[in-house]
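Remarks on the structure that follows.
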2 protein chains.
Amino acid sequence: MSAGAQRERKPRADVQRNRAALLETAQRHFLQHGVGTSLEAVAKEAGVGPATLYRHFPTREALLAAVLQTRSEELVARQADIDQLGDPAEALEQWLRAMEEYFSAFSGLPDPLMAAARAQEPDNPLTIPCHILISATDQYVRAAQLAGRVRASVRGHDLFLAACSVAWIKGTGTEEESLDRLRTLIASGYRRQDTQA
Amino acid sequence: MSAGAQRERKPRADVQRNRAALLETAQRHFLQHGVGTSLEAVAKEAGVGPATLYRHFPTREALLAAVLQTRSEELVARQADIDQLGDPAEALEQWLRAMEEYFSAFSGLPDPLMAAARAQEPDNPLTIPCHILISATDQYVRAAQLAGRVRASVRGHDLFLAACSVAWIKGTGTEEESLDRLRTLIASGYRRQDTQA
DNA sequence: ATCAAAACGGATGCTGCCTCCGTACTTGGT
DNA sequence: ACCAAGTACGGAGGCAGCATCCGTTTTGAT
């Protein structure tokens, strides 16, 4: 009441119920079948018609972005822990691993992520999250550089790409051992004064 | 004649014509629309029915492998040049670039390539080529290691993965400048006694 | 209880994949 | 030149997924 400016109706109950059901089901399907999973199947299993899914999430990316929202928040939460670390090199390392896990949430995720990172598509719902991640990476890189632990030529964007690549390779089913070797290679690439193995 | 063992008929003329037309058209479509291009469209433009395409090439990978055959030979030819180089480190570098270009022939190519590299699918027509490339890379790596120019911990397979990653990123439309930065990062990762930039 | 706005979902048209099967073509022999 | 046997062809068709339209139902407000 009072001088209330909210002239709008209260949002309908079924909207929220359907949205929640869609998100829940979509997450399960993305986990099981990758980002290319059938949206029709998601709708059916969520107990709604296809049109309802498309009304809530006009594109596959929109649905993906919404499902990813939860995980993004987990990532932000992790940042707090990482920032506690005294060693900026260690912080960067952990941050990269955290990003890589985020990128590996669903098989096939790196592709739409890269498409969004390239930006120039301001309506892509994944673009904003991507740029936030790149900025964050750059922060960690700069801190480590100030401490003399990372080569001066490295930028956050480079390591964003590297983490995305590793996640992509992981998604193709490569063995964990090969991934570790690749991670080591990359780490040798950005670190300063490392032991020439 | 003579003690001829060739009891077989001469292969029909239309078979070869159709095969050639299909390969030619497929290459164009792969170039323009990536490896995911519509096979139906390829068949139609080659002037044959869908069944003919599938009879010649039972799977998309089979067609892809056949189209790639030409380019594979170019790659092998390049090896001769590269082997002429006195410097094994330089040779490795050029070999990696050559592989990367090969992987970037069509957009989307790295995915089926990685799937084949993981092997365990002996009937995948791309598996053999992949393993040949990995072996070749290992040769170059070992030579460079003997010359003390590459870290001892690095293996050919690692750099195969790295080259594949770069090609994948290139395929997503990333700017060439970013790619160069990534290549530099990787090079710093495998080289010994480099100038800590 | 009633109304209008809001949301729903089945039906639909489209594209691409892949296979079956009747037909047409090529080869080798006469 | 012709024929028979075998080979390859290609249109038709079933299936799955995408995305949209529009008549119907649900919902919140009065």
Side-chain angles (χ1 to χ4, degrees), chain A residues 1 4-26 28-30 32-64 66 106-108 111-112 115 123-125, chain B residues 1 4-26 28-30 32-64 66 106-108 111-112 115 123-125:
Chain A
M1 325 293 183
Q6 71 274 39
R7 270 264 147 280
E8 296 129 22
R9 272 172 172 297
K10 169 165 53 164
R12 285 175 55 155
D14 49 355
V15 172
Q16 293 206 354
R17 263 191 300 110
N18 285 334
R19 185 185 160 88
L22 281 168
L23 285 176
E24 202 277 328
T25 309
R28 267 212 325 284
H29 280 240
F30 283 148
Q32 288 182 12
H33 311 295
V35 298
T37 195
S38 159
L39 297 187
E40 244 180 347
V42 169
K44 188 181 302 187
E45 194 176 311
V48 305
T52 297
L53 188 153
Y54 285 102
R55 206 173 300 113
H56 281 270
F57 309 102
T59 67
R60 184 180 295 271
E61 281 70 35
L63 178 57
L64 197 51
F106 314 122
S107 124
D111 292 81
D123 53 345
N124 185 325
Chain B
M1 328 296 187
Q6 71 275 39
R7 272 264 146 281
E8 297 129 21
R9 274 157 98 92
K10 171 163 49 162
R12 288 174 52 157
D14 49 355
V15 172
Q16 294 205 353
R17 264 192 299 109
N18 284 334
R19 185 186 158 88
L22 281 168
L23 285 176
E24 202 277 328
T25 308
R28 266 211 328 284
H29 280 239
F30 283 149
Q32 287 182 12
H33 311 294
V35 297
T37 195
S38 159
L39 298 187
E40 244 179 347
V42 170
K44 187 179 304 186
E45 193 175 312
V48 305
T52 298
L53 188 153
Y54 285 103
R55 206 173 301 112
H56 282 268
F57 309 102
T59 66
R60 183 180 296 270
E61 282 70 36
L63 178 57
L64 197 50
F106 314 122
S107 122
D111 292 80
D123 54 345
N124 184 327

Original post:
Roughly, in whole Å, what's the span from CD in A:Gln16 to C1' in C:dC8?
Top reply: 16 Å
Subject >> B:Lys44 NZ to D:dA12 P, straight-line distance once rounded to whole Å >> reply: 12 Å
**OP:** Using only side-chain N and O atoms of B:Ser38, determine if any of them is under 4.0 Å from OP1 or OP2 of C:dT15.
**Re:** no
**OP:** Answer yes when B:Glu24 and B:Arg28 have at least one side-chain N-carboxylate O distance shorter than 4.0 Å, and no when they do not.
**Re:** yes
Original post:
Would you say the base of D:dT26 and the side-chain of A:Arg12 have a donor-acceptor pair closer than 3.5 Å?
Top reply: yes
Original post:
Looking at B:His56, does any N or O in its side chain come under 4.0 Å of the phosphate oxygens OP1/OP2 on D:dC9?
Top reply: yes
Original post:
Does a nitrogen or oxygen in the side chain of A:Arg60 sit under 4.0 Å from OP1 or OP2 of D:dC18?
Top reply: yes
Original post:
How close or far is atom P of D:dC18 from atom CZ of A:Arg55, stated in whole angstroms?
Top reply: 17 Å
Original post:
What is the minimum heavy-atom distance between A:Val35 and A:Gly108, and which atoms define it?
Top reply: CG2-O, 3.3 Å
**OP:** Specify the closest pair of heavy atoms between A:Leu22 and A:Ala43, including all atoms of both residues, with the distance to one decimal.
**Re:** CD2-CA, 4.3 Å
Original post:
Using a cut-off of 4.0 Å on non-hydrogen atoms, how would the nucleic acid contact of B:Arg19 be classed: base, sugar-phosphate, or nothing?
Top reply: nothing
Subject >> Heavy-atom neighbours of B:Gln16 CD exceed 12 at 6.0 Å >> reply: no
Subject >> Heavy-atom donor-acceptor pair, A:Arg60 side chain to A:Thr37 backbone, under 3.5 Å >> reply: yes
Original post:
A:His29 NE2 to D:dC18 P: how many Å, rounded?
Top reply: 12 Å
Original post:
Taking for each residue the nucleotide of DNA chain C bearing the nearest heavy atom, is the 5' side occupied by B:Arg17 or by B:Thr59?
Top reply: B:Thr59
Original post:
Over how many whole Å does the gap from B:Tyr54 atom OH to D:dA12 atom P extend?
Top reply: 18 Å
Subject >> Touch class at under 4.0 angstrom, heavy-atom based, for B:Gly36 against every strand present >> reply: nothing
**OP:** Would you mind classifying the nucleic acid contact of A:Thr37 as base, sugar-phosphate or nothing, using non-hydrogen atoms under 4.0 angstrom?
**Re:** sugar-phosphate
Original post:
So what does A:Ala13 touch, heavy atoms closer than 4.0 Å: a base, only the sugar-phosphate, or nothing?
Top reply: sugar-phosphate
Original post:
Just how far, in rounded Å, is P of D:dG14 from CD of B:Glu40?
Top reply: 15 Å
Original post:
Nearest-Å distance, CZ (B:Phe57) to C1' (C:dC17)?
Top reply: 17 Å
Original post:
For C:dA7, does either OP1 or OP2 sit under 4.0 Å from a side-chain N or O belonging to A:Thr52?
Top reply: no
**OP:** Look at the side-chain N and O atoms of B:Arg9 and state whether any lies under 4.0 Å from the OP1 or OP2 oxygen of C:dT26.
**Re:** no
Original post:
Between atom CG in B:Asp14 and atom C1' in C:dA24, what is the gap in whole Å?
Top reply: 10 Å
Subject >> Reported CG-to-NZ distance for the pair B:Leu53 and B:Lys44, which is rounded to 0.5 angstrom >> reply: 13.0 Å
Original post:
Given that B:Leu39 and A:Gly49 both sit by DNA chain C, which one's nearest nucleotide is further toward the 5' end?
Top reply: A:Gly49
Subject >> Residue-phosphate contact under 4.0 Å: B:Asn18 side-chain N/O, D:dA8 OP1/OP2 >> reply: no
Subject >> B:Lys10 side chain, from C-beta outward: closest of D:dA19, C:dC17, C:dG28 >> reply: C:dG28
